[in-house]
Amino acid sequence: MKAFAAVLCGLLWLSPAAVWAQEQGVAPDSLIELYDRVTRQAGLEAQRSDERERRFQASADERARMLAQVQGDIARLERQKADLKRQFDGNEDRLAELTTQLDRRIGDLGELFGVFRQTADDVQTLLFDSYITLEYPERRAEAQALAESAEVPTIPQMRALWRLLMQEIAHSGQVSRFPAQIVEPAGGTYSADAVRVGLFNVVAGGKYLNYLPESNQLVELPRQPAGTARRSAEALSAAEPEDVVGFALDPSRGALLGLLVQSPSLIERIQQGRLVGYFILGITAIGLILVVERGLRLAAINRRIKRQLEDLDQVNDDNPVGRILSTYHEHAHLDDLELISRHLEGVVIADVAEVRKGLPTIRVLAAVAPLMGLLGTVTGMIGTFQAITLFGAGDPKLMAGGISQALVTTVLGLSAAIPLLLSHSVLNSRSTHLSKVIGEQAAGLMAQKAEALARARQSAGGSA
């Protein structure tokens, strides 16, 4: 195969080789020599072709590398161009913003004094009524000087105003104790440690204090709130710095406390019921005294009856069962059951009456109390309508007295009737139980006597 390929290559190059040989004036001696020449010439041509191909490939790679480098430079320059454009646009926007801000500040500079003056006035009013000024009274003069300034404010003055506001904010969330002069309702003064709770309340010695901004003084409330609010003030006054106590805070800075102080106490509520209310209270007192007396009496009778039932051989006359036994033994020699029954019935009736003594009175008082409350309601409404007739309905305070009487007497009547009714029900059940025990004991003794007489008659009949 190789020889055949060489022959083909020789044939392909024969004519050029022959031409070359003729041009050189060298004639081949034989076909073998011609074949060798052609083969050598073909190898040289192939070598030259490979060389040209390598040079072309190297040149193409170099151009591709150069193209990639140029494209990279173009992309980098494009990015740099975009960055510069964004920076340029940002600078343009910033320049426009600064220009607008400069124009606005130049225009607002004339209004700076008015705004500062108004803010200083507001701060002065705020500090004038603030509890924090009690601890730092020098703030008043500083705020007044800023508010009365007639010149364009300087940076130190604006910082001073800012500092006053920040001081107010910082101290508004603190509980502080400081010495103070306190004015009594009678006019005297005394020194004490006051406790300030933020911006809301000041207490001292367990009492709520009122702040007078005009004189920068603390004054005791003429009337202190009662109940939980007063106890919380006492706990706060006696607390140590590290203690945690509950406190009735007034977020309205005195408005709610004033309403709480003005609200009537229990005694004042009762006094609003007037004469009818006093009658109801009297009925309630009488009824409760009867309830307590009857309850103790029935309890004592119950204990004595139980003690007597546990020892029937030892008869005691301090209880109904003992008296029934005593009466029975006293008349046990009689053979007339009717006579013995009448004697026992008299004892039972007397003891049952003693057990149920006072219960009807309690029931009557329980029924009368709400009726008295209704009477007070009608009386109060009559007074209210009379006030409307004389003075009109323009002022609610003129009608408050009659309405208060109507409502208070109704409440008092119901408050008296409910416990009296419940007490009557309990006492009635106890008295019914004791009456049943007494009746059962009497009936049992009569049955026992009847059996004894029956046996005696049977014995007598048998003997006959």
Side-chain angles (χ1 to χ4, degrees), residues 119-148 156-265:
T119 305
D121 290 337
D122 296 340
V123 171
Q124 183 184 16
T125 304
L126 175 66
L127 301 185
F128 184 78
D129 297 330
S130 175
Y131 288 146
I132 302 175
T133 308
L134 290 168
E135 297 184 65
Y136 305 97
E138 66 278 0
R139 302 196 308 169
R140 285 191 168 191
E142 188 174 0
Q144 184 177 2
L146 293 175
E148 295 177 355
Q157 288 177 329
M158 289 187 285
R159 287 178 177 174
L161 184 62
W162 172 82
R163 181 180 55 80
L164 290 176
L165 289 173
M166 292 303 297
Q167 183 187 36
E168 184 74 10
I169 295 172
H171 287 77
S172 63
Q174 294 180 346
V175 178
S176 176
R177 187 185 297 271
F178 60 95
Q181 290 291 119
I182 301 174
V183 180
E184 296 177 336
T189 60
Y190 64 93
S191 299
D193 288 338
V195 180
R196 175 183 57 82
V197 182
L199 301 174
F200 306 106
N201 294 103
V202 179
V203 298
K207 298 179 180 180
Y208 284 88
L209 305 179
N210 188 22
Y211 176 49
L212 300 180
E214 296 80 7
S215 58
N216 198 30
Q217 289 181 329
L218 289 173
V219 181
E220 285 186 9
L221 292 178
R223 178 174 175 175
Q224 294 291 328
T228 304
R230 181 65 180 275
R231 289 192 295 271
S232 65
E234 294 173 353
L236 181 62
S237 299
E240 297 295 332
E242 65 277 3
D243 294 341
V244 178
V245 298
F247 179 70
L249 185 68
D250 182 8
S252 63
R253 298 182 61 179
L256 294 178
L257 184 61
L259 295 176
L260 182 62
V261 169
Q262 293 177 4
S263 62
S265 62

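What you see below is based on every heavy atom in this structure, not just the backbone, and it leaves out hydrogens, waters and symmetry mates.
For Asp193, the side chain to side chain contact (heavy atoms under 4.5 Å, CB included) partners at least two apart in sequence or on another chain are Arg177, Pro179. Residues satisfying the side-chain hydrogen bond (donor to acceptor under 3.5 Å, both in side chains) test with Ser237, not counting sequence neighbours, are none. With sequence neighbours left out, the side-chain hydrogen bond (donor to acceptor under 3.5 Å, both in side chains) criterion links Thr133 to Arg139. For Ser172, the side chain to side chain contact (heavy atoms under 4.5 Å, CB included) partners two or more places apart in sequence, or in a different chain, are Leu199. Gln144 meets the side chain to side chain contact (heavy atoms under 4.5 Å, CB included) test with Gln124, Glu148; sequence neighbours excluded. Every side-chain hydrogen bond (donor to acceptor under 3.5 Å, both in side chains) that Ser176 has, sequence neighbours left out, goes to Glu135. For the side-chain hydrogen bond (donor to acceptor under 3.5 Å, both in side chains) test, no residue two or more places apart in sequence or in another chain qualifies with Asp121. In this view, Ala238 satisfies the side chain to side chain contact (heavy atoms under 4.5 Å, CB included) rule with no residue, not counting sequence neighbours. Checked against salt bridge (Lys or Arg N to Asp or Glu O under 4.0 Å), Arg163 has the following partners two or more places apart in sequence or in another chain: Glu142.
From Ile169, atom CD1 reaches atom CD1 of Ile132 across 10.0 Å, with rounding to the nearest 0.5 Å. With rounding to the nearest 0.5 Å, the separation of CD in Gln181 from CG in Leu218 is 10.0 Å. For the atom pair Thr119 OG1 and Leu161 CG, the distance stands at 6.5 Å (nearest 0.5 Å). With rounding to the nearest 0.5 angstrom, the CD atom of Gln157 is 6.0 Å from the CG atom of Leu146.
Nearest heavy-atom pair, Ala147 versus Ala120, reported as atom, atom and distance to 0.1 Å: CA-CB, 3.6 Å. The two residues Ala204 and Ile182 come nearest to each other via the heavy atoms CB-CD1, 3.4 Å.
A salt bridge (charged side-chain N to carboxylate O under 4.0 Å, His left out) check over residues 199-212, counting only residues at least two apart or in different chains, returns the pairs Lys207-Glu220. The ring-ring contact (aromatic ring centres under 6.0 Å, His included) analysis of residues 164-187, with sequence neighbours excluded, yields the pairs Tyr136-His171.
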